[in-house]
Each structure stands twice: as structure tokens, then as C-alpha cells.
Protein chains: 2
Amino acid sequence: MIREKLKEYYNVVFEEALIDEITKVGTFKKVRENELLLDLGDKFDKIPLILSGAIKISHENTKGDEIALYFLERGDTCTITFGCGLHSSKSKVRGVAEIDSEIIFIPIEKLEEWLVKYKSWRTFVIDSYNIRLSEMLEAIDTLAFMKMDQRLYKYLTDKVKIMRNTTLNTTHRDIAHDLNTSRVVISRLLKQFENDNKIKLFRNKIEILDY
Amino acid sequence: MIREKLKEYYNVVFEEALIDEITKVGTFKKVRENELLLDLGDKFDKIPLILSGAIKISHENTKGDEIALYFLERGDTCTITFGCGLHSSKSKVRGVAEIDSEIIFIPIEKLEEWLVKYKSWRTFVIDSYNIRLSEMLEAIDTLAFMKMDQRLYKYLTDKVKIMRNTTLNTTHRDIAHDLNTSRVVISRLLKQFENDNKIKLFRNKIEILDY
DNA sequence: TTAGCTATGTAACATTTGATACATAATTAA
DNA sequence: TTAATTATGTATCAAATGTTACATAGCTAA
């Protein structure tokens with residue numbers, strides 16, 4: 001079963017022999033929407049390969065303020081865990097399933113072993129790191145250069161892409177949490193967007209008209 | 001000469017045989033304060049190993065706004081170039097020598113070759129990526145959770161550590177540029193710090209009293 | 001020496017964001 | 001059904017940040 005899933009999503013990425021190995025040592029898991037996969041301070045000894053769904057990665061500082069960083073989707077992996085495993089250091093981020101998702105977990109020892117054996121694994125690891133660095137740069141861009149209205153609009157349209165659905169089931173409170181601001185600020189801006197005919201507001205639901 | 005420098009700074013990091021290889025293919029370069037090492041859009045085909053000094057890495061968006069991200073110091077490398085080399089993609093960051101610095105450059109082809117051959121190289125690459133991700137997370141923290149006064153104070157004290165000098169030769173304008181704000185805001189906050197006896201202000205110079 | 005440039009100080013005001021308070025509507029649980 | 005809970009709308013005020021304007025001081029080049 002793992003084999004078929006891998007073939008479906010990672011056939012171009014990994015060479016045949018590597019897919020065989022992953023099939024042998026990997027464990028498959030389905031996670032439900034809102035399930036917590038990785039918490040702050042967790043020691044993570046498995047590398048996740050996302051098969052389907054979306055995992056929201058967020059960051060929390062020592063004072064408990066939290067901010068959403070990016071989403072992991074099909075083909076992605078969590079590079080943060082690469083480091084967690086090697087030095088058994090603790091995770092600085094949190095991962096929660098945004099929607100039902102399918103994941104294969106690989107024991108962390110394989111990270112280094114396969115770097116030696118498989119060219120496709122070397123490429124995958126380096127690429128994954130670079131994608132993650134790019135996402136972090138984008139997050140920094142957003143925080144450093146955008147005002148809250150632009151950040152909010154980016155948040156909404158990014159989410160539309162991730163969910164492949166122009167109707168978002170979410171509350172103002174949850175959005176405020178993800179953007180580390182207050183609910184009132186979000187309600188105020190959303191109402192402006194509605195007046196500009198960019199969105200339509202409902203209870204627990206936002207329809208994005210213009211994206 | 002490269003050999004001695006490597007022995008001095010990277011002896012614990014790299015195994016003997018790898019130091020031999022680096023000595024063979026690496027080129028040594030001294031760069032002057034304010035020298036531009038890597039610009040936006042550059043294709044970078046060499047991996048830099050920092051021997052001494054400090055390189056300021058900053059990021060610019062499409063509109064030309066810029067923000068300082070972090071410093072590279074002895075023992076650091078620029079992971080961004082790892083990706084630049086593999087896919088000949090273009091750099092999204094800028095690197096400028098903050099002070100006179102010494103660097104060894106390694107051809108990018110060696111990145112993958114040595115991943116197979118040397119355990120110490122695998123550890124170095126993974127560690128470097130993880131350190132970089134941590135620095136990015138710290139930058140995100142700062143942007144997301146701190147007000148400008150805290151950001152400024154962190155900027156000053158970080159710089160004291162990097163320069164190993166409590167007297168910073170810089171202008172309010174330059175600081176404003178690094179923090180992506182206006183000169184007036186920086187002058188205002190610095191004056192407050194001075195009134196609180198945390199710093200002393202001079203022309204082109206700031207003395208940090210409390211750090 | 002003097003004119004021009006750069007750095008800094010500061011006032012006044014605008015805009016953005018955050019905080020508090022309270023009202024109403026929709027949903028859920030008793 | 002009724003009470004409690006949750007989501008949303010909105011006014012008011014406070015704080016943080018950004019903008020413009022102008023003054024003064026120090027430095028530099030003619």
C-alpha cells in the first residue's frame with residue numbers, strides 16, 4: 001500500500017531502489033483535520049513525507065505568542081525535523097493538520113545513510129531545505145514589508161490555493177491567531193474587503209470573490 | 001596557507017582527508033569592509049567558508065525595500081548558495097562584508113561529491129542548514145512579536161557581539177535602512193535609550209553602555 | 001574661510017494598529 | 001424553549017509608527 005502511494009506521488013522524485021527502501025522502513029499514517037503532529041519542544045525521530053493534505057507549520061515564542069509560517073503539502077517534508085533527529089534537539093515549530101492528510105514516516109537514521117547511497121535522496125534533502133528557506137524568506141518579506149491589510153489578503157488567497165476552495169471555513173478569531181493580531185483588527189479589515197466586493201462574510205465562513 | 005587557516009578554524013569540524021581536498025580545490029580571498037560579495041540575482045557557483053570577519057546578509061523585495069537578516073561569522077557558510085549552485089537559480093539575498101573578512105571558496109560541484117565521501121561534510125551541510133533555519137526563525141520572531149524599540153535594542157546588542165566592540169561606527173540612517181523604517185523613528189528611539197543611560201550618542205558613533 | 005553636504009534633534013501631525021467595551025445574531029446545550 | 005456560548009459588528013480611545021518640515025552642528029572640499 002505504501003508502495004502504491006509512493007509510486008503515485010514520489011515516482012519522479014525518488015529512484016526505484018529508494019522507493020523499495022522507503023516501503024520497507026516507512027510507516028503510513030492518516031491524520032485528521034486539526035490533529036497535532038508535532039509540538040514545540042518535541043523530539044522528533046521520524047522524517048515525514050506528505051502524500052496528501054496540508055500541514056500548517058507555526059511558530060511560538062517564549063511568551064506564548066504564535067504565528068503561522070507556511071504549509072506543507074504533497075511532496076513536502078519537514079526539514080526542521082532533520083535537525084531534531086541528528087542532535088536530538090527540540091522542535092521550535094508546531095505542525096497541525098489543516099485538513100485530513102496522509103503521511104509516510106521514515107526513521108531519522110536513514111537521513112544520513114541514504115545521503116550516501118541515493119542521488120535522488122541527496123537532491124530531495126537539499127531541495128527541501130532550499131524550499132523551506134524560501135518559504136521562510138517569504139514569511140519575513142510579508143512581516144517586514146506588508147501592512148496588516150495586505151498580510152490578511154495574502155493569508156486568505158494563500159489559503160484558497162492550499163485548500164483548493166474559494167470558501168474558507170474559519171473564524172475571525174482563528175485568523176487573528178495565525179497573524180498574531182487581535183480579532184477586532186481582523187473583523188475591521190474583513191468588513192472593508194467585503195465593502196470592496198473582494199469577499200463575502202458569513203458566520204464561520206468566508207467566500208473569496210477576487211483572488 | 002589555506003591549509004593552515006583551515007587547520008586553525010575548521011580542524012574540529014572537518015576530517016583530515018577533507019581538509020586536504022579543500023586545500024586542493026579551494027581559493028582563498030580577503031574582502032574589505034563594505035565589499036559586495038553576493039548580490040540579488042547573482043548566480044553563485046562557489047560555497048563560501050568564513051574564516052574570519054562578518055558578512056551581513058540582507059533581503060530585498062521586488063519594490064526595493066531592504067531588511068537585514070543575519071550575520072555570517074567564522075565557521076559559517078552561506079546555505080543559500082547551496083541551492084543557487086545545484087539549480088543555477090538566482091540569489092534572493094545580498095551579502096556585504098561588515099568588516100574585513102577572510103573566506104575560502106569551494107566549487108559548488110564538491111557539495112554533492114563530498115556528501116557521499118565525507119561524514120564530516122554531511123554533518124556540516126545539515127548543521128549549516130539548521131543553523132540558518134534557526135536564524136531565519138529568530139528573524140521572524142523579532143519581526144512578528146517585537147515593537148521597534150525592542151528590535152532596535154536587539155540590533156544594537158547583536159552588533160556589539162558580532163563586532164566584539166561596544167562602540168558602533170554607524171549612522172541613524174544606516175540603522176533605519178537595516179530595520180526597514182525611517183531615520184526619524186530611529187533617532188527618536190535612540191534618544192530615549194540615551195536618556196535611560198543605555199547608550200551614548202555621537203556623530204557617526206554609538207556607545208552601548210548596557211548590554 | 002566659506003559654501004555645501006551629511007548627521008542629528010525635534011515638533012507637529014497622519015495613519016496604522018491595538019485595547020476595551022458593548023450590542024446583536026447564530027448556535028448549542030440543558 | 002431557554003440559557004449559555006460563540007461569532008461578529010462597531011464605536012471609542014490609546015499607543016506605536018510613519019511623514020513632513022525645519023533647525024543646528026560637524027565635516028569636507030573648493
Side-chain angles (χ1 to χ4, degrees), chain A residues 33-34 61 63-68 140-156 159 167-209, chain B residues 33-34 61 63-68 140-156 159 167-209:
Chain A
E33 186 178 327
N34 292 323
N61 70 1
K63 281 166 57 193
D65 307 309
E66 193 170 351
I67 189 167
I140 287 174
D141 253 19
T142 308
L143 287 167
F145 305 129
M146 288 185 184
K147 301 227 176 280
M148 192 53 82
D149 57 342
Q150 284 181 285
R151 285 180 57 199
L152 174 57
Y153 205 74
K154 177 169 165 31
Y155 175 90
L156 295 173
K159 200 142 174 175
T167 301
L168 305 176
N169 293 299
T170 182
T171 66
H172 302 187
R173 192 184 139 282
D174 286 347
I175 297 176
H177 190 245
D178 279 351
L179 296 180
N180 188 50
T181 181
S182 80
R183 197 272 308 168
V184 179
V185 170
I186 296 299
S187 295
R188 185 157 59 198
L189 292 171
L190 285 174
K191 186 48 75 180
Q192 279 178 28
F193 291 164
E194 188 173 48
N195 291 337
D196 296 346
N197 290 313
K198 292 177 175 172
I199 65 175
K200 261 193 190 173
L201 295 173
F202 305 89
R203 187 186 168 91
N204 294 318
K205 203 170 76 172
I206 302 175
E207 203 184 323
I208 315 298
L209 303 174
Chain B
E33 185 178 327
N34 292 322
N61 71 0
K63 283 165 57 194
D65 307 309
E66 194 171 349
I67 190 166
I140 287 173
D141 254 18
T142 308
L143 287 166
F145 305 129
M146 288 185 184
K147 302 236 177 270
M148 193 53 83
D149 57 342
Q150 284 182 287
R151 286 180 57 201
L152 174 58
Y153 205 72
K154 176 169 165 32
Y155 175 90
L156 295 174
K159 202 143 173 174
T167 300
L168 304 176
N169 293 298
T170 182
T171 66
H172 302 186
R173 193 183 139 280
D174 285 346
I175 297 175
H177 190 244
D178 279 351
L179 296 180
N180 189 49
T181 181
S182 80
R183 197 271 310 167
V184 179
V185 171
I186 296 300
S187 294
R188 185 158 58 199
L189 292 171
L190 285 175
K191 186 50 74 180
Q192 278 178 30
F193 292 164
E194 189 173 46
N195 291 337
D196 296 346
N197 290 315
K198 292 178 175 171
I199 64 175
K200 261 193 191 173
L201 295 173
F202 305 89
R203 187 187 168 90
N204 294 319
K205 204 170 78 175
I206 302 175
E207 203 184 322
I208 314 298
L209 304 174

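All of these numbers come straight from a predicted model, not from anything done at the bench. To find a chain, count down the sequence lines: A is the first, B the second, and so on, and within it residues start at 1. The basis for the numbers below is simple: all heavy atoms, side chains too, and nothing from hydrogens, waters or symmetry mates.
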(message) Does the Lys NZ or Arg CZ of Lys63(A) fall within the cation-pi geometry relative to Phe145(B) - under 6.0 Å from the ring centre and within 45° of the axis?
(response)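 No, a cation-pi geometry is absent between Lys63(A) and Phe145(B).
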Take atom [atom1] of [X] and atom [atom2] of [N], then tell me their distance rounded to the nearest Å.
X	N	atom1	atom2	result
Leu179(B)	dA16(D)	CG	P	17 Å
Ile175(B)	dG9(C)	CD1	P	11 Å
Phe145(B)	dA16(D)	CZ	P	18 Å
Gln150(B)	dA16(D)	CD	P	11 Å
Asn204(B)	dT28(D)	CG	C1'	13 Å
Lys200(B)	dT8(C)	NZ	C1'	18 Å
His177(A)	dT6(D)	NE2	C1'	17 Å
Leu201(B)	dT10(C)	CG	P	10 Å

(message) The side chain of His172(A) is closest to which nucleotide in this list: dG9(C), dT19(D), dT8(D)?
(response)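 For His172(A), the side-chain atoms sit closest to dT8(D).
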(message) Mind checking if Thr171(B) touches a base, just sugar-phosphate, or nothing, with heavy atoms under 4.0 Å?
(response)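 Sugar-phosphate: the residue Thr171(B), judged by heavy atoms under 4.0 Å, touches backbone atoms but no base.
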(message) Counting distance alone, no hydrogens or angles: does the base of dT8(D) have a donor or acceptor under 3.5 Å from a partner atom on the side chain of Arg173(A)?
(response)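 Absent.
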(message) At less than 3.5 Å, do the side-chain atoms of Arg188(A) and the base atoms of dT10(D) form a donor-acceptor pair?
(response) no
(message) Looking at Lys147(A), I'd like to know whether one of its side-chain N or O atoms comes within less than 4.0 Å of OP1 or OP2 on dT16(C).
(response)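 For Lys147(A), the contact criterion (side-chain N or O under 4.0 Å from OP1 or OP2 of dT16(C)) is not met.
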(message) Thr170(B) and side-chain contact (heavy atoms from CB on, under 4.5 Å): which single residue from Asn204(B), Asp178(B), Ile206(B), Leu156(B) fits?
(response)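 Of the listed options, the one satisfying the test is Ile206(B).
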(request) Nearest-nucleotide wise, let me know which of Arg203(A) and Thr181(A) is further upstream toward the 5' end of DNA chain C. (result) Thr181(A)
(message) Here's a test of your reading of the structure: between Met146(A) and Arg183(B), which maps to the more 5' nucleotide of DNA chain C?
(response) Arg183(B)
(request) Between Thr170(A) and Leu189(B), name the one whose nearest nucleotide on DNA chain D is closer to the 5' end. (result) Thr170(A)
Do any N or O atoms from the side chain of [X] and from the backbone of [Y] form a donor-acceptor pair under 3.5 angstrom?
X	Y	answer
Asp65(A)	Asn180(A)	no
Arg151(B)	Leu179(B)	yes
Glu194(A)	Leu201(A)	yes

